[in-house]
Chemist: 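Structure below; questions to follow.
Numbering of ligands and ligand atoms starts at 1, following listing order. Being a predicted model, the structure only gives us computed values, none of them experimental.
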Amino acid sequence: MFVLIRYMEKRDIIIAIDGHSSTGKSSFAKEIASRYGLIYVDTGALYRGVTLFAIRSGLINNIGVTDPEMLYSQLHNVKLRFGQALHGSKGELYLNGESIETQIRSLEVAGKVSIVAALKPVRDFVDSILKEYGVTGGVVMDGRDIGTVVFPDADLKIFMTADPKVRAMRRYREMVARGEDANFEEVLKNVIERDFMDENRENAPLRRAQDAIFLDNSNMTEDDQMVWIEKIISEKWKNLKKN
Ligand code: DC
């Protein structure tokens with residue numbers, strides 16, 4: 001009986017984590033999912049998947065989408081699915097049966113995804129995939145509009161931010177660790193530009209939902225954040241057990 005209650009509660013839970021870029025949303029969401037046996041959904045990966053499709057179809061250049069109508073008419077050919085979305089692991093993202101996990105992290109996709117993510121038909125397309133997870137439930141999703149647009153009734157909403165300089169330094173260090181030629185001022189400029197684009201686009205701009213709990217992790221370690229969220233979760237769902 002106890003197991004059944006646990007299962008039902010987990011099945012129904014939707015945790016929405018929105019916030020600025022480079023705040024560590026995906027690592028945080030993934031860790032929560034892993035600790036509580038929920039499914040992690042990386043919503044940005046889906047926008048990246050559509051962007052990869054647009055690049056491969058020759059429908060986007062450095063200035064923007066060259067033929068938006070053509071892209072919209074092709075969306076029914078974009079079959080995006082996560083493999084093995086179980087026990088905290090989202091699995092790799094597949095585009096029409098091909099794993100595209102590496103390709104969607106490329107600089108080319110990263111440089112064009114915000115153009116594609118601003119288009120209303122693309123947002124509707126991604127939202128329809130995300131809403132399927134809402135039916136299944138038991139998910140932790142990170143993105144920009146999950147608690148405001150996709151799941152306004154999510155059970156728990158977190159809005160993450162951190163000082164732009166702190167975020168830029170984290171990204172700069174990651175790039176240096178990967179052996180990339182990084183310039184801190186350029187990374188900072190990019191962080192500020194992305195914030196501006198996310199917050200000022202017409203469709204589903206980044207906003208803190210009124211009922212979202214604010215998390216500024218400028219001076220927090222990943223462990224600090226987990227202590228913080230576990231307290232919130234244990235107060236909200238008294239019998240939700242960790243794995
Ligand atoms: O989180 P990320 O860097 O993988 O997101 C990629 C892009 O998609 C970024 O430009 C923001 C956008 N995005 C969005 O508009 N809405 C979401 N729910 C998730 C991501």
Side-chain angles (χ1 to χ4, degrees), residues 14-33 39-55 60 62 64-65 71 75 78 80 82 90-93 95 100-134 139-152 154 157-162 164 167-168 170-172 174-175 187 189-209 212 215 217:
I14 296 179
I15 300 178
I17 301 181
D18 291 306
H20 290 112
S21 68
S22 304
T23 45
K25 294 187 298 295
S26 60
S27 307
F28 186 49
K30 215 178 289 179
E31 186 59 28
I32 296 170
I39 293 168
Y40 165 59
V41 183
D42 173 356
T43 70
L46 297 171
Y47 288 102
R48 288 169 182 263
V50 178
T51 306
L52 182 68
F53 176 85
I55 293 170
I60 187 165
N62 284 335
V65 175
L71 175 61
L75 287 176
V78 182
L80 289 170
F82 288 109
K90 74 182 162 80
E92 300 183 334
L93 184 65
L95 168 61
I100 53 165
E101 199 53 41
T102 310
Q103 291 88 329
I104 59 170
R105 307 292 161 197
S106 71
L107 278 179
E108 188 179 18
V109 169
K112 295 188 166 105
V113 61
S114 56
I115 300 170
V116 174
L119 303 170
K120 175 85 167 75
V122 172
R123 299 206 72 83
D124 291 344
F125 170 75
V126 169
D127 287 357
S128 67
I129 299 173
L130 299 180
K131 285 191 173 127
E132 285 172 27
Y133 283 99
V139 291
V140 185
M141 279 190 189
D142 80 300
R144 305 292 190 285
D145 63 340
I146 307 306
T148 49
V149 175
V150 186
F151 291 114
K157 300 180 189 176
I158 311 291
F159 186 90
M160 285 175 79
T161 194
R167 289 186 277 140
R170 289 176 187 157
R171 257 173 65 191
Y172 171 79
E174 278 167 18
M175 291 168 84
V187 177
K189 187 166 164 271
N190 180 262
V191 164
I192 293 168
E193 276 170 8
R194 284 181 65 176
D195 287 355
F196 183 85
M197 282 192 285
D198 284 342
E199 289 169 351
N200 291 285
R201 67 174 175 223
E202 192 180 334
N203 299 305
L206 173 64
R207 295 268 184 278
R208 176 184 170 186
L215 172 61
N217 65 14

Chemist: Tell me whether E101 is salt-bridged to R105, with the criterion being a basic N under 4.0 Å from an acidic carboxylate O.
Modeler: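 The answer is yes: the pair qualifies as a salt bridge.
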
Chemist: Any idea which heavy atoms bring D127 and D145 closest together, and the distance?
Modeler: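 D127 and D145 have their closest heavy atoms at OD1-OD2, 4.3 Å.
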
Chemist: Mind checking what makes side chain to side chain contact (heavy atoms under 4.5 Å, CB included) contact with R208, not counting sequence neighbours?
Modeler: F159, A212, F214

Chemist: Is the backbone N or O of A117 less than 3.5 Å from a side-chain atom of R123, with the two atoms forming a donor-acceptor pair by type?
Modeler: yes

Chemist: Distances only, to 0.1 Å: what are the N or O pairs between ligand 1 and the protein that fall under 3.5 Å?
Modeler:
unit_1: ligand 1; atom_1: 1 (O); unit_2: R144; atom_2: NH1; d: 3.1
unit_1: ligand 1; atom_1: 3 (O); unit_2: R48; atom_2: NH2; d: 3.1
unit_1: ligand 1; atom_1: 3 (O); unit_2: R194; atom_2: NH2; d: 3.1
unit_1: ligand 1; atom_1: 4 (O); unit_2: R48; atom_2: NE; d: 2.8
unit_1: ligand 1; atom_1: 4 (O); unit_2: R48; atom_2: NH2; d: 3.4
unit_1: ligand 1; atom_1: 15 (O); unit_2: R123; atom_2: NH1; d: 2.9
unit_1: ligand 1; atom_1: 15 (O); unit_2: R123; atom_2: NH2; d: 3.3
unit_1: ligand 1; atom_1: 15 (O); unit_2: R201; atom_2: NH1; d: 2.8
unit_1: ligand 1; atom_1: 15 (O); unit_2: R201; atom_2: NH2; d: 2.9
unit_1: ligand 1; atom_1: 16 (N); unit_2: R123; atom_2: NH2; d: 2.9
unit_1: ligand 1; atom_1: 18 (N); unit_2: T43; atom_2: OG1; d: 3.1
unit_1: ligand 1; atom_1: 18 (N); unit_2: R144; atom_2: N; d: 3.2
unit_1: ligand 1; atom_1: 18 (N); unit_2: D145; atom_2: OD1; d: 2.9

Chemist: I need the L75 CG to F125 CZ distance, nearest 0.5 Å.
Modeler: 5.5 Å

Chemist: Return yes if some donor-acceptor pair links the side-chain N/O of K157 with the main-chain N/O of P152 below 3.5 Å, else return no.
Modeler: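 Indeed, once roles are kept as given, a pair shorter than 3.5 Å links the two residues.
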
